[in-house]
Amino acid sequence: MQIISLHRYPIKGCHGQAVDRATVDALGMVDDRRLMLVDDEGRFLSQRQIPSLARIRPVLDGSRLTVQAEGIAPLRIEVDPHAATRTVSIWNDQVEAADQGEPAAAWFSTVAGRSCRLVGFGAGAERPIDPQFTPRPDAQTAFTDGYPLLGMLQESLDDLNSRLAVPVPMASFRPTVVIAGAPAWSEDGWTTLRLGELVVDAVKPCARCVVTTIDQESGTRHPRQEPLRTLATFRTVAGMGVLFGQNLVPRTGGEIVVGMAVRGER
């Protein structure tokens with residue numbers, strides 16, 4: 001197997017970026033979902049509530065963030081992980097986040113069509129992984145839905161697309177690491193992956209949601225809830241949901257590169 005593409009999402013819920021290489025630390029891919037939008041009560045916002053977030057295109061270069069959206073001048077700020085903190089909620093977790101200030105809040109509120117603020121994963125923030133699935137007590141993540149990395153297999157998408165009237169791109173599933181060179185759905189059996197020298201634990205199949213039905217270019221929902229509807233016909237597991245992909249937790253930091261060899265172990 002080998003890595004065929006890498007993707008990061010600087011702001012949770014917004015458009016992703018394909019990259020040729022990425023650095024992985026304890027929280028996952030560096031610059032992946034270390035920023036997030038929250039409402040006035042501090043609750044996280046995503047495409048579940050605002051599908052049009054898919055059309056917001058952030059580019060993060062070091063600490064310099066540039067965000068573009070149609071019909072408005074770009075936002076350019078320096079991300080400050082040491083800014084004044086506020087407690088925010090993401091699912092059942094409470095996290096200390098660094099508020100990125102009024103200009104960012106005004107820009108995103110205009111684009112999103114509702115009051116919101118941009119926050120960063122604070123310099124001293126902690127967010128442990130669900131203890132039911134963590135491979136070790138100290139494993140953490142940032143503003144992902146729950147795990148540092150999401151690995152997906154190209155052959156599995158190919159099989160799904162063979163069942164759809166209109167194929168969908170891998171972007172619909174917002175992976176971080178896309179791998180090819182194994183039978184469709186064989187990722188279900190992964191327990192450990194070796195991406196070059198980087199070792200990650202495959203801890204839980206990824207339960208998919210309505211975000212998979214949102215076109216990541218137009219920010220619109222599919223009128224017939226595809227591809228989630230078709231996926232549900234053969235990938236639903238009682239008590240777990242509709243599954244596609246594996247949640248991954250790195251054991252150590254390191255660099256991963258497109259084209260790098262991958263070995264999976266059962």
Side-chain angles (χ1 to χ4, degrees), residues 1-10 12 16-34 60 129-130 133-136 138-163 167-208 211-212 216 227 231 234-235 237 240-266:
M1 297 187 292
Q2 68 174 358
I3 297 173
I4 61 170
S5 65
L6 297 167
H7 307 266
R8 68 181 185 183
Y9 310 85
K12 182 177 180 64
Q17 297 174 297
V19 295
D20 292 329
R21 62 181 60 236
T23 300
V24 175
D25 64 14
L27 298 176
M29 191 179 289
V30 172
D31 295 335
D32 177 55
R33 283 167 283 207
R34 308 294 169 96
L60 192 57
I129 291 172
D130 184 342
F133 297 103
T134 188
R136 58 185 185 277
D138 63 344
Q140 304 232 355
T141 189
F143 290 141
T144 65
D145 272 352
Y147 300 90
L149 299 168
L150 175 59
M152 304 208 44
L153 193 59
Q154 180 62 46
E155 286 82 0
S156 299
L157 178 65
D158 294 342
D159 179 73
L160 171 61
N161 277 334
S162 72
R163 305 164 189 256
V168 298
M170 185 65 82
S172 296
F173 296 95
R174 296 175 68 82
T176 43
V177 182
V178 181
I179 295 166
W185 313 112
S186 60
E187 68 270 35
D188 291 345
W190 291 342
T191 57
T192 301
L193 284 181
R194 297 180 181 271
L195 292 73
E197 298 301 315
L198 182 71
V199 179
V200 299
D201 293 300
V203 297
K204 179 183 179 292
C206 185
R208 309 318 304 228
V211 172
T212 61
Q216 294 299 302
L231 189 64
F234 70 105
R235 292 288 299 171
V237 175
M240 297 187 71
V242 182
L243 306 180
F244 189 5
Q246 274 280 357
N247 290 299
L248 309 175
V249 179
R251 293 185 184 177
T252 60
E255 187 173 62
I256 50 178
V257 181
V258 172
M260 181 174 278
V262 177
R263 287 190 295 135
E265 300 176 3
R266 291 183 179 272

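What you see below is based on every heavy atom in this structure, not just the backbone, and it leaves out hydrogens, waters and symmetry mates.
Put simply, the side chain of Leu160 reaches to within 4.5 Å of the side chain of Phe173, judged on heavy atoms. Residues Lys12 and Asp145 meet the side-chain proximity criterion, which asks for heavy atoms closer than 4.5 Å. Using a 4.5 Å cut-off on side-chain heavy atoms (C-beta onward), Trp185 and Arg235 make contact.
Both the sub-6.0 Å distance and the 45° axial angle are satisfied by Arg163 relative to the ring of Phe234.
Among all heavy-atom pairs drawn from Ile129 and Thr141, the shortest one is CG1-N, 4.3 Å. Residues Ala180 and Ile4 approach most closely at CB-CG2, 3.7 Å, considering heavy atoms. Listed here is the closest heavy atom pair of Asp20 and Leu6: O-CD1, 3.8 Å. Across Glu155 and Ala184, no two heavy atoms sit closer than the pair O-CB, 3.5 Å. Closest of all the heavy-atom pairs between His7 and Ser5 is NE2-OG, 2.8 Å. Taking every heavy atom of both residues into account, Gln140 and Pro148 meet most closely at O-CG, 3.4 Å.
There is no side-chain donor-acceptor pair under 3.5 Å between Gln216 and Ser172.
Evaluation of the ring-ring contact (aromatic ring centres under 6.0 Å, His included) rule for Phe133 yields no partner, not counting sequence neighbours.
With Asp201 contributing its side chain and Val203 its backbone, the two residues share no donor-acceptor pair below 3.5 Å.
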